[in-house]
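A, B, ... follow the sequence lines: proteins, then strands. Residue 1 opens every chain. In what follows, every heavy atom counts, from backbone to side chain, and hydrogens, waters and symmetry copies are set aside.
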2 protein chains.
Amino acid sequence: MAVTIKDIAKLANVSITTVSRVINNKSEGVSEETRNRILQLVKELGYQPNAIARGLVTKKTKTIGLIIPDISNPFFPDLARGVEDSAHIYGYNVFLCNTDDNLEKESEYINALKEKYVDGIIFTSSSIPKHEHIMELVKSGIPIVIMDRRVDSEDIYGVFLDNYEGGYIATKHLIDLGHKKIGCITGPLYTKSAKERLEGYKKALVENGMDVDERLIFEGDYKINSGIIGTEKLLGNNENITAIFACNDLMAYGAYKTIRSYGYKIPDDISIVGFDDIQLSQILEPQLTTIKQPAYDMGLTAARMLIKLVEGKKLKKKIINFKPQLIIRQSTKNIG
Amino acid sequence: MAVTIKDIAKLANVSITTVSRVINNKSEGVSEETRNRILQLVKELGYQPNAIARGLVTKKTKTIGLIIPDISNPFFPDLARGVEDSAHIYGYNVFLCNTDDNLEKESEYINALKEKYVDGIIFTSSSIPKHEHIMELVKSGIPIVIMDRRVDSEDIYGVFLDNYEGGYIATKHLIDLGHKKIGCITGPLYTKSAKERLEGYKKALVENGMDVDERLIFEGDYKINSGIIGTEKLLGNNENITAIFACNDLMAYGAYKTIRSYGYKIPDDISIVGFDDIQLSQILEPQLTTIKQPAYDMGLTAARMLIKLVEGKKLKKKIINFKPQLIIRQSTKNIG
DNA sequence: ATGAAAGCGCTAACAA
DNA sequence: TTGTTAGCGCTTTCAT
């Protein structure tokens, strides 16, 4: 059996209340002397507070849940690291939950986290069309910060990226480079992020007097394979495309593969812009020009917001929007 | 306030004991009728057991800790996913902890996890020379499974990869391809994994009648940059190297960069073998030949072992060794 | 088949 | 400055 507050109390000849006081640094009303005596015993016996017992009475567990689709998807490790770093700074631990964007798993995790009395939840769900779970969570009163996936509701806290702007600057970059026929491989269009990136693409086109040609748009699913297939389609329909905007880096990698298998060169024959800027985009040859989404910072920020929320502090903003940033590397070329 | 067992008891006109019984399926000794009445109320009121309260009395939390150096390191997401999937199947949640191989952070996490009464810990520490923490944990009686980093002690449970064998087959592959001058960029040599891979390299050389030339060995640190520098050194000393064994994929990527900047071609001028087989190694151009370390399966296995341990089941083996596997792709070439 | 009571380790009024 | 007491929500003997 581990050492308890009771053991310390007995040995120090004080009540458990007093011990509790010094352990929690509520030491007003504890004499310097007893205080030291207790601290000494704590050290000697290697006393560690039982967080479970504490949680039972305080209803706070210093624990948060992080619900994401899949930590194996290269976008999420950085995000998770940001969340965890932030949590660690404030003395919280984080539960990692992978849902695969599966409604049932989401439910299971939400229930488990509630039963374990996490203080709050960071919720990311990139491709679920409905957001029942989110609203349910919000109503249940547990603090929650939404990431990545915009939800339209007044009483929601969230950390988002301006995907519309991202799609716009990606396409604008290509237009500025003199490209006229620009293909687009989108994410799954029932997600807001994918829709917004596509809208940004369209806006850039229209704003520059170009037509939106549906034959140049292919709906992917953010996975490598759809980048491969999408590019085959795009290359196959004889539209003489000179550039592709892949709505995430993984699909851009797929595009690389197809383009090479067709014997074309990047960026000489085809320019490519990706989205996310995951770590390996700088290692690819040629290095991928892409739209950077600051995953680590977003994770850091989300956790910080959540913890402030949990601790009852005022937040300046309910929503924090991150700006995407164009990172020009070697996969795009001026053909002006 | 959430619904408690007490509320249910009152409404069902039974004692809390009875409610507890049906909730925990210890239903022998509960009549079908009261059982149904209770279940009905549970559903109606949306009762959720309070895991904290339960944990306080049972000393079990259905929670495990996963301590790794850094989830952003591409080797770990797959491992973490394996751990989490396994845990989820058995009804456990997992705390993610990133230590950066920093002793102090390791200590902090271990303490926090103990205070939160996790049922067990999976511990990975790729580059800490000492293992005080591990032994401390083992002594403290909390079930623990070590991963990746071999520890010499009888009473330890672990999941490991045979790094020696891995280093051997990587080098052997190169030798079989006719290479005579094979450089090696190692991991940090105070880690066992790095040492073993290097030993495997040496064994293959010796076994094939070749000399071990220290000038062909460069000590890296498993990060991209040391792959870059190591390759510069190796290429710079005029030894006419025709192949490099990079002891992890990240360093192999670094080697790619340097080799290209020297104007050499892979695999025509230099062949490369990596280690790990992280996801992006198949996307690189040319695709990387490497030694596959089954991270996901290792995570799956470690969590399964740990949970069996926690639940007092017998384990057939205390140590499970995974075999590395040579994945031949496009970065190695026969120059026989 | 069911219930009463103790207690897990701690915090938080309230007293003294 | 310190202690007494109740109680968080649950499981678990031990009775009945």
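- We find the CZ-OG1 distance between A:Phe75 and A:Thr124 to be 8.0 Å, quoted to the nearest 0.5 Å.
- If you check every strand for non-hydrogen atoms under 4.0 Å, A:Thr18 touches sugar and phosphate atoms only.
- Two residues, B:Tyr117 and B:Ile16, neighbour DNA chain C, and the one matched to the more 5' nucleotide by heavy-atom proximity is B:Ile16.
- Within 4.0 Å of A:Thr4, counting heavy atoms only, lie sugar-phosphate atoms of the nucleic acid but no base atom.
- Using a 4.0 Å heavy-atom cutoff across all strands shown, B:Tyr47 reaches sugar-phosphate atoms only and no base atom.
- Of the N and O atoms on the side chains of A:Thr17 and A:Ser20, not one donor lies less than 3.5 Å from an acceptor on the other residue.
- If you check every strand for non-hydrogen atoms under 4.0 Å, A:Ile52 touches nothing.
- In this structure, A:Lys6 atom NZ and D:dT5 atom P are separated by 14 Å, rounded to whole Å.
- For B:Asn50, no side-chain nitrogen or oxygen approaches OP1 or OP2 of D:dC8 to under 4.0 Å.
- As rounded to whole Å, 19 Å separates atom C1' of C:dG9 from atom NZ of A:Lys60.
- One finds the NE2 atom of A:His88 at 10.0 Å from the CZ atom of A:Arg81 (value rounded to the nearest 0.5 Å).
- Contact between the side-chain N/O atoms of B:Lys26 and the OP1/OP2 oxygens of D:dT11 is not found at any separation under 4.0 Å.
- Here the C1' atom of nucleotide D:dT2 and the CZ atom of A:Arg21 are 6 Å apart, to the nearest Å.
- For the pair B:Ile38 CD1 and C:dT2 P, the interatomic distance rounds to 8 Å; values are reported in whole Å.
- Between the side chains of A:Asp7 and A:Tyr47, not a single donor N or O lies within less than 3.5 Å of an accepting N or O.
- Between B:Ser15 and B:Val57, it is B:Ser15 whose nearest contact on DNA chain C lies nearer the 5' terminus.
- Here the P atom of nucleotide D:dT1 and the CG atom of A:Asn13 are 19 Å apart, to the nearest Å.
- The distance from atom CG of A:Leu56 to atom C1' of D:dG7 is 9 Å, rounded to the nearest whole Å.
- The CZ-P distance, from A:Arg54 to C:dA12, rounds to 9 Å in whole Å.
- Comparing D:dT11, D:dT2, C:dA4 by their closest approach to the side chain of B:Thr17 singles out C:dA4.
- Counting distance only, with no hydrogens placed and no angle test, the side-chain atoms of B:Ser20 and the base atoms of D:dT12 include no donor-acceptor pair under 3.5 Å.
- To the nearest 0.5 angstrom, A:Asn93 atom CG is 5.0 Å from B:Phe95 atom CZ.
- Dashed line: the shortest gap from a side-chain N or O of A:Thr34 to OP1 or OP2 of D:dT2 is under 4.0 Å.
- Whole-Å rounding puts the A:Lys10 NZ to C:dG9 P distance at 12 Å.
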